[in-house]
Amino acid sequence: MDSEDRQRAEGRLEIVEGLLAALGSWPEMSQVVWQSADRATAYAALRERFNWPEHVTHYLLDMPLGRIHTLARADLAEEAAELRRLLST
C-alpha cells in the first residue's frame, strides 16, 4: 500500500469509526444537533462532546440525520475491521 492509499484508508477509518460512535450515541448526538442554534454551534458542541476530528464532524453534519440512523452497524464494523487489517500490513 503506497502512502496515498494509506492516507485514504486512515481517513476513511476515522469516518467509519465516527459513524459507529454516532450510531452508539444516536439520542445524544441528535439532541446536540437539534438544540444547537446553528451549524457552527452544533459543530463545536459535537467536537467538544465526542472529540471527533474536524473532517469526521463535518462529514456527520453534512449527512442527513435520518441516514445515519439507517446505517447498518454490522457493515460499518466489518468495514472498520478490514481497514484496520489493511493498515496493519
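Note that the numbering runs from 1 along the sequence shown for the chain.
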Worksheet item: Are side-chain heavy atoms of Leu60 and Leu46 found at a separation under 4.5 Å?
Response: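 Side chain of Leu60 against side chain of Leu46, heavy atoms only: no contact under 4.5 Å found.
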
Value rounded to 0.5 Å, distance of [atom1] in [X] from [atom2] in [Y]:
| X | Y | atom1 | atom2 | result |
| --- | --- | --- | --- | --- |
| Arg12 | Tyr59 | CZ | OH | 5.0 Å |
| Asp75 | Leu19 | CG | CG | 12.0 Å |
| Trp52 | Arg47 | CH2 | CZ | 11.0 Å |
| Gln7 | Met1 | CD | CE | 12.0 Å |
| Leu20 | Ile15 | CG | CD1 | 12.5 Å |
| Tyr43 | Leu61 | OH | CG | 9.0 Å |

Discussion item. According to salt bridge (charged side-chain N to carboxylate O under 4.0 Å, His left out), does anything in residues 16-37 pair up with another residue at least two apart or in another chain? List the pairs.
Written reply: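 Residue pairs with at least one partner in residues 16-37: Glu17-Arg84, Glu28-Arg49.
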
Discussion item. Applying side-chain hydrogen bond (donor to acceptor under 3.5 Å, both in side chains), can you list everything that pairs with Glu48, at least two apart in sequence or on another chain?
Written reply: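 side-chain hydrogen bond (donor to acceptor under 3.5 Å, both in side chains) list for Glu48, sorted by chain: empty.
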
Worksheet entry | For Ser36, side-chain hydrogen bond (donor to acceptor under 3.5 Å, both in side chains) partners two or more places apart |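 Once residues adjacent in sequence are excluded, Ser36 has no partner under the side-chain hydrogen bond (donor to acceptor under 3.5 Å, both in side chains) criterion.
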
Worksheet item: Got more than 12 heavy atoms from elsewhere within 6.0 Å of CD, Glu78?
Response: no

Of all heavy-atom pairs between [X] and [Y], which one has the smallest distance, and what is that distance?
| X | Y | answer |
| --- | --- | --- |
| Val33 | Ala42 | CA-CB, 4.3 Å |
| Val16 | Leu83 | CG2-CD1, 4.4 Å |
| Asp5 | Asp2 | N-OD1, 2.7 Å |
| Leu23 | Leu76 | CD1-CD1, 3.7 Å |

Worksheet item: Charged N to carboxylate O below 4.0 Å: is that the case for Arg39 and Asp62?
Response: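 Judged by the 4.0 Å cut-off on N to carboxylate O distance, Arg39 and Asp62 do form a salt bridge.
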
